[in-house]
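Following: one structure in structure tokens, then a few remarks.
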Amino acid sequence: MKITRAKVIVTCPGRNFVTLKIETDQGVYGIGDATLNGRELAVVSYLEDHVVPCLIGRDPRRIEDIWQYLYRGAYWRRGPVTMRAIAAVDMALWDIKAKMAGMPLYDLLGGKSRDRVMVYGHANGRDIAETVDAVGQYIDMGYKAIRAQTGIPGIKDAYGVGRGTLFYEPADAALPSETGWDTRKALNHIPKLFDKLRETYGFDYHLLHDGHHRYTPQEAANLGRMLEPYQLFWLEDCTPAENQEAFRLVRQHTVTPLAVGEIFNTIWDAKDLIENQLIDYIRATVVGAGGLTHLRRIADLASLYQIRTGCHGATDLSPVTMGCALHFDSWVPNFGIQEYMRHAEETDAVFPHDYRFDDGYLICGESPGHGVDIDEALAAKYPYKPAYLPVARLNDGTIWNW
Ligand SMILES: O=NC(=O)[C@@H](O)[C@H](O)[C@H](O)CO
Ligand SMILES: [Co+2]
């Protein structure tokens, strides 16, 4: 069996997505997501100019060999562009293998460990009252788990607060927009949000919060401790994780569960965090961490330390990633939760899929492969539109983590 063609499809139905389509001499094709929010075209070039020429003629059944070839063969390794390109190839090859086997992908991974996948949505508001109301909307939609982010008095465009939409799409300008940050103001305000949420809705619903890399370890520990009475499902990205050891300082001072990893590219970004049990959930994704082949390895390492998966699932991860993630989530024994920010209608039209939302859970599809396709004719109607993630500055102008 041979790969006869591989093409990169760039489309912008509501937002930019990069999709790799691999065709074979057996007429079966597979697709993979390669979207890197704000740097999409770098992955397009990496794939078109440096990966696709190496794929033509290879046997698509040799998923592991191709993964190792692309990872070790590039010599330069572990970056977000490289690992997204490898992920797209990997997803497409698993799609092909499952289609050839006539199986939904989860069957190829080892079968279902659960019938449905608990998801969480993004409730946000410009102030506490709006955010409390938005959480109520998600509860009414059947969600059991809701992430809550609120505007903070004195902070311009705090992270996670949409502009009147039900969910949050941060890539909002042709050049990076400038947002503010003030940790003191955030630490004074965020506990009040969760106090109000628990007072309003009680403790039966899972509540999550994203620190989005903005606190130092000591500040993160302080926030974690202040949030303990509100029993969060997790506090995510509480401090930057380049220094994995920083989480030990947080861990020592709070029992608030910690989640990290949406920007991780390989197992090496998480190894120390996992082996030292410094986190409770690993957020690495199929598209961000080298595909199913590599994400399985991360999940298996995490399972040794009772750490569960909590895959990132924002709008900028395409329905192809969501489809693959649901097959992974259906199989992985140490599943925790799946982030599910809904895609725009025009996105769903370009990427027909068989997964569906039901009462706070996503139900994985049963069709052979990962269950997601791309309508190329429709995709062509949405040309790429430059869109950058914002940057954040402190009050004195210092660039901070967005
Ligand atoms: O937990 N979810 C998130 O942090 C997302 O909202 C990220 O900011 C975006 O995916 C970045 O493109
Ligand atoms: Co996040």
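All ligand and atom numbering here is 1-based and tracks the order in the structure.
For Lys99 and Tyr29, the positive end sits near the middle of the six-membered ring, less than 6.0 Å away and at most 45° from its axis. Both cation-pi conditions hold for Arg58 and Tyr69: the charged atom is under 6.0 angstrom from the six-membered ring centre and inside a 45 degree cone around its axis. A cation-pi arrangement is present between Arg342 and Phe357, with the terminal nitrogen or guanidinium carbon under 6.0 Å from the aromatic centre and inside a 45° cone about the axis. The cationic group of Arg283 does not satisfy the cation-pi geometry with Phe264, failing either the under 6.0 Å distance to the six-membered ring centre or the 45° limit from the ring axis.
Below 3.5 Å of separation, one finds an N or O of His312 facing an N or O of ligand 1. Looking at ligand 1, you won't find any N or O of His122 less than 3.5 Å from one of its N or O atoms. In terms of polar-atom proximity, Tyr159 is counted as a contact of ligand 1, with an N or O under 3.5 Å from an N or O of the ligand.
Near Asn37, with a cut-off below 4.0 Å to any heavy atom, the atoms of ligand 1 are 12 (O). Atoms of ligand 1 lying under 4.0 Å from at least one heavy atom of Glu236, given by number and element, are 1 (O). Here is the list of ligand 1 atoms found below 4.0 Å of a heavy atom in Arg147: 1 (O), 2 (N), 3 (C). With ligand atoms numbered from 1 in the order given, ligand 1 contributes 1 (O), 2 (N), 3 (C), 4 (O) to contacts under 4.0 Å with heavy atoms of Asp210. Close contacts between ligand 1 and Arg283 involve ligand atoms 1 (O), 2 (N) [criterion: under 4.0 Å to a heavy atom]. Residue-ligand proximity, Glu339 to ligand 1, at heavy-atom distances under 4.0 Å covers atoms 1 (O), 2 (N). Atoms of ligand 1 found under 4.0 Å from any heavy atom of Trp402 (numbered from 1 in listed order, with element): 8 (O).
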Under the salt bridge (charged side-chain N to carboxylate O under 4.0 Å, His left out) criterion, do Arg248 and Glu245 qualify, and how do the steps go?
-> CA-CA 6 Å; Arg248 186 183 304 282; Glu245 192 57 27; 2.2 Å; yes
Let me see the working for Leu326 and Asp329 under side chain to side chain contact (heavy atoms under 4.5 Å, CB included), right down to the final yes or no.
-> CA-CA 5 Å; Leu326 288 174; Asp329 293 339; 4.1 Å; yes
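With respect to atom 9 (C) of ligand 1, the closest heavy atom belonging to the protein is Asp316 OD1, 3.5 Å. His212 NE2, 2.8 Å is the protein heavy atom nearest to atom 8 (O) of ligand 1. Looking only at protein heavy atoms, the nearest one to atom 7 (C) of ligand 1 is Glu262 OE2, 3.4 Å.
With a heavy-atom cut-off of 4.0 Å, Asp237 does not touch ligand 1 at all. Looking at Met341 against ligand 1, nothing comes within 4.0 Å, counting heavy atoms.
For Glu236, the N, O or S atom closest to the Co ion (ligand 2) goes by the atom name OE2. Per residue Asp210, closest N, O or S atom to the Co ion (ligand 2): atom name OD2. Among the heteroatoms counted here (N, O or S) of Glu262, OE1 is the one nearest to the Co ion (ligand 2).
Residues Ile337 and Phe233 are in side-chain contact: their nearest non-hydrogen atoms beyond the backbone lie under 4.5 Å apart. Phe247 has its side chain within reach of Cys238: a pair of non-hydrogen atoms, C-beta onward, lies under 4.5 Å apart.
Taking the six-membered ring for Trp and the full ring otherwise, Tyr71 and Trp76 have centroids separated by 6.0 Å or more.
Nearest heavy-atom pair, Arg214 versus Trp400, reported as atom, atom and distance to 0.1 Å: O-NE1, 2.9 Å. The two residues Glu346 and Pro13 have their closest heavy-atom pair at CG-C, 3.3 Å.
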